[in-house]
Participant: 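The structure is given below, and queries will be raised subsequently.
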Amino acid sequence: MLYTLLTDGPLGFNDMKGRIDGISDKVLSEALDDLQEAGLVVRDVVEDKPVRVNYSLTPAGQDLEPTIEELLEWSHEHLVESR
């Protein structure tokens with residue numbers, strides 16, 4: 001989720017769900033709540049018609065970029081996709 005917001009954010013709930021394979025509404029909602037509580041994600045209500053919500057990284061969340069990039073690089077080197 002953090003990587004998705006880092007590369008594609010800010011995003012609405014459905015846009016984010018579409019970018020994360022196999023995640024349920026419940027799991028995504030709970031994870032976003034946890035990330036908000038941790039101060040890494042902010043939820044912005046956009047007063048358009050219809051009203052919508054966008055999620056984006058806070059400055060603290062953005063500070064994780066080097067760590068997220070390193071984890072991504074590590075996963076490409078060490079994890080083999082199951083076929």
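It should be emphasised that the depicted structure is a prediction, and the values quoted were computed from it without experimental measurement.
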Participant: State plainly whether one hydrophobic cluster holds both L71 and L35, where clusters connect Ile, Leu, Val, Met, Phe, Trp and Tyr through side-chain heavy atoms under 4.5 angstrom apart.
Facilitator: no
Participant: Who passes side-chain contact (heavy atoms from CB on, under 4.5 Å) against N14, sequence neighbours left out?
Facilitator: none
Participant: OG1/T4 to CE/M16 distance, rounded to the nearest 0.5 angstrom?
Facilitator: 7.0 Å
Participant: So do the side chains of I23 and M1 get within less than 4.5 Å of each other, counting heavy atoms only?
Facilitator: yes
Participant: For E30, give me all partners under salt bridge (Lys or Arg N to Asp or Glu O under 4.0 Å), at least two apart in sequence or on another chain.
Facilitator: K26
Participant: Do any pairs count as a salt bridge (charged side-chain N to carboxylate O under 4.0 Å, His left out) and have a residue in residues 31-40, sequence neighbours left out, and if so which ones?
Facilitator: none
Participant: List in chain and number order the residues that pass ring pair (Phe, Tyr, Trp, His ring centres under 6.0 Å) with H78, two or more places apart in sequence or in another chain; answer none if no residue qualifies.
Facilitator: W74
Participant: For D25, which residues count as a salt bridge (Lys or Arg N to Asp or Glu O under 4.0 Å) partner, sequence neighbours excluded?
Facilitator: K17
Participant: Would you say that V53 contacts F13 through its side chain, given a criterion of any heavy-atom pair below 4.5 Å between the two side chains?
Facilitator: no
Participant: Run the side-chain donor-acceptor check on residues 54-65: report pairs under 3.5 Å with partners two or more places apart or on a different chain.
Facilitator:
{"unit_1": "N54", "atom_1": "OD1", "unit_2": "G12", "atom_2": "N", "d": "3.4"}
{"unit_1": "T58", "atom_1": "OG1", "unit_2": "G39", "atom_2": "O", "d": "2.6"}
{"unit_1": "T58", "atom_1": "OG1", "unit_2": "L40", "atom_2": "O", "d": "3.4"}
{"unit_1": "T58", "atom_1": "OG1", "unit_2": "A60", "atom_2": "N", "d": "3.4"}
{"unit_1": "T58", "atom_1": "OG1", "unit_2": "G61", "atom_2": "N", "d": "3.2"}

Participant: Tell me whether V46 is reachable from V42 by hopping between hydrophobic residues (I, L, V, M, F, W, Y) whose side-chain heavy atoms are closer than 4.5 Å.
Facilitator: no
Participant: Report the distance from atom OH of Y3 to atom CG of L72, rounding to the nearest 0.5 Å.
Facilitator: 5.0 Å
Participant: Taking side chain as C-beta onward, heavy atoms only, is L32 less than 4.5 Å from R43?
Facilitator: no
Participant: Tell me, please, which residues at least two apart from D48 pass salt bridge (Lys or Arg N to Asp or Glu O under 4.0 Å).
Facilitator: R52
Participant: Considering residues at least two apart in sequence or located in another chain, which fulfil the side-chain contact (heavy atoms from CB on, under 4.5 Å) criterion with V51?
Facilitator: V45, E47
